[in-house]
Amino acid sequence: LVWFWLVQVRYMNAKEHPKNMKILLTTTVFVFLLFTSANAATYTVSNNADAGAGSLRQAITDANANAGPDLIDFSVAGTITLASALPALTDNTGATIDGTTAPGWIANTNLPTAGGLNGTLVIVLNNAASINTGLSLSGSSNNIIKGLVMQNFGDGTPSANDIAIGITGSGNQILGCYIGMDQTGTTAGTNTYYGIYISNGANNIIGDGTAAGRNLISGTIGNGSGIY
């Protein structure tokens, strides 16, 4: 809207001064590119390290620092073993953590009426340090979490603090993830009390009705608390 107003006003001025038209076009294109590039970015996870350049931890840190609808994609597959909690997602313009971009990922094609899941998930987040929460969307809205395996989150003492994905925000989506289970989807992990815990917000979507968007949420040790 701001860019359109800028173009409209300057176009009117250019009609009065035709010699300025070339400058106008150059300026508005530059402003448009600057505006869009400053508000969206892609951060690629290029290794399975817990921290450092190319890690998921660094990608989340970078996405939080950039005010825009960022994408975190993966050029590698495998297990990311976390030594400490990941940074919470905090940008309300939203970030997408997309495990479906990793090499080897295969979409599930079975709807519930057709039976079990037949996809292959290749990004596993594993707790190795008594981490209570796997991913935290802390007061953050419009995020999308896709194609991740979240296993073993909790400190070993069953409690309501042990959460695979915690949400305090609106308009978030969890799609095509295995939560509380291992990568095969057949063996439960340990410790996780709540699979997905939504403590505040509205219009959060768990699964989108498509086959690829189906989540597997099981293996939690709370009282019927796959989603709370």
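Just so it is clear, the model here is predicted, and its values are computed rather than measured.
Note that the OG atom of Ser136 and the CD1 atom of Ile163 stand 8.0 Å from one another [nearest 0.5 Å]. For the atom pair Ile167 CD1 and Ile206 CD1, the distance stands at 4.5 Å (nearest 0.5 Å). Note that CD1 of Ile72 is 10.5 Å distant from CD of Gln58, once rounded to the nearest 0.5 Å. Note that the CG atom of Asp162 and the CG atom of Asn152 stand 11.5 Å from one another [nearest 0.5 Å]. Between atom CE of residue Met150 and atom CD1 of residue Ile179 there is a gap of 7.0 Å, rounded to the nearest 0.5 Å. Summarising the geometry, atom CG belonging to Leu111 is positioned 10.5 Å from atom CG belonging to Leu117; distances are rounded to the nearest 0.5 Å.
Contact annotation: the side chain of Tyr197 never approaches that of Thr133 to less than 4.5 Å [non-hydrogen atoms, C-beta and beyond]. No side-chain heavy atom of Ile123 sits under 4.5 Å from any side-chain heavy atom of Val45. Considering only heavy atoms from C-beta on, Ile144 stays 4.5 Å or farther from Asp98 through its side chain. At least one side-chain heavy atom of Ile60 sits less than 4.5 Å from a side-chain heavy atom of Ile97. No side-chain heavy atom of Leu135 sits less than 4.5 Å from a side-chain heavy atom of Leu89. For the pair Asn204/Ile196, no side-chain contact is recorded, criterion being any heavy-atom separation below 4.5 Å from C-beta on.
Cluster membership check: Leu216 does not share its hydrophobic cluster with Leu175, using side-chain heavy-atom separations under 4.5 Å among Ile, Leu, Val, Met, Phe, Trp and Tyr. At a threshold of 4.5 Å between side-chain heavy atoms, the hydrophobic network of Ile, Leu, Val, Met, Phe, Trp and Tyr places Val122 and Leu71 in two separate groups.
Side-chain atoms of Asn47 come within 3.5 Å of backbone N or O of Ala49 as a donor-acceptor pair. Between the side chain of Asn108 and the backbone N or O of Gly213 there is no donor-acceptor pair closer than 3.5 Å. Judged by distance alone, with hydrogens and angles left aside, the side-chain atoms of Asn161 form no donor-acceptor pair with the main-chain N or O of Asn132 at under 3.5 Å. The backbone N or O of Gly134 lies less than 3.5 Å from no partner atom in the side chain of Asn127, so there is not a single donor-acceptor pair. A donor-acceptor contact shorter than 3.5 Å is absent between the side chain of Ser140 and the backbone of Leu137. With hydrogens and angles disregarded, no donor-acceptor distance shorter than 3.5 Å links the side chain of Asn142 to the backbone of Thr93. Here the side chain of Asn215 pairs a donor or acceptor atom with the backbone of Gly176 at under 3.5 angstrom. The closest donor-acceptor contact from the side chain of Asn92 to the backbone of Ser141 lies under 3.5 Å.
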Start with the C-alpha distance between Leu56 and Phe74, add both sets of side-chain angles, then the distance that settles side chain to side chain contact (heavy atoms under 4.5 Å, CB included), and finish with yes or no. CA-CA 9 Å; Leu56 175 60; Phe74 295 80; 4.2 Å; yes
Could you walk me through whether Arg57 and Ile80 pass the side chain to side chain contact (heavy atoms under 4.5 Å, CB included) test, one step at a time? CA-CA 10 Å; Arg57 186 182 303 277; Ile80 301 172; over 6 Å; no
Would you sort out whether Leu121 and Trp105 count as a side chain to side chain contact (heavy atoms under 4.5 Å, CB included), showing the intermediate values? CA-CA 5 Å; Leu121 274 60; Trp105 174 85; 4.2 Å; yes
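Residues Thr109 and Asn118 bring a donor and an acceptor atom of their side chains to less than 3.5 Å of each other. Under the 3.5 Å distance criterion, with hydrogens and angles disregarded, a donor-acceptor pair is assigned to the side chains of Asp208 and Thr210.
Closest approach of Asp91 to Asn64, counting heavy atoms only: N-OD1, 3.9 Å. Residues Asp70 and Ala63 come closest through the heavy atom pair OD2-O, 3.0 Å. Closest non-hydrogen pair, Asp50 versus Ser84, comes out as OD1-N, 4.3 Å. Contact record, Leu125 with Phe153: O-CE1, 3.4 Å, taken as the closest heavy-atom pair. The two residues Arg214 and Asn110 have their closest heavy-atom pair at NH1-O, 2.7 Å. Minimum heavy-atom separation, Ala128 to Thr81: CB-CG2, 3.3 Å.
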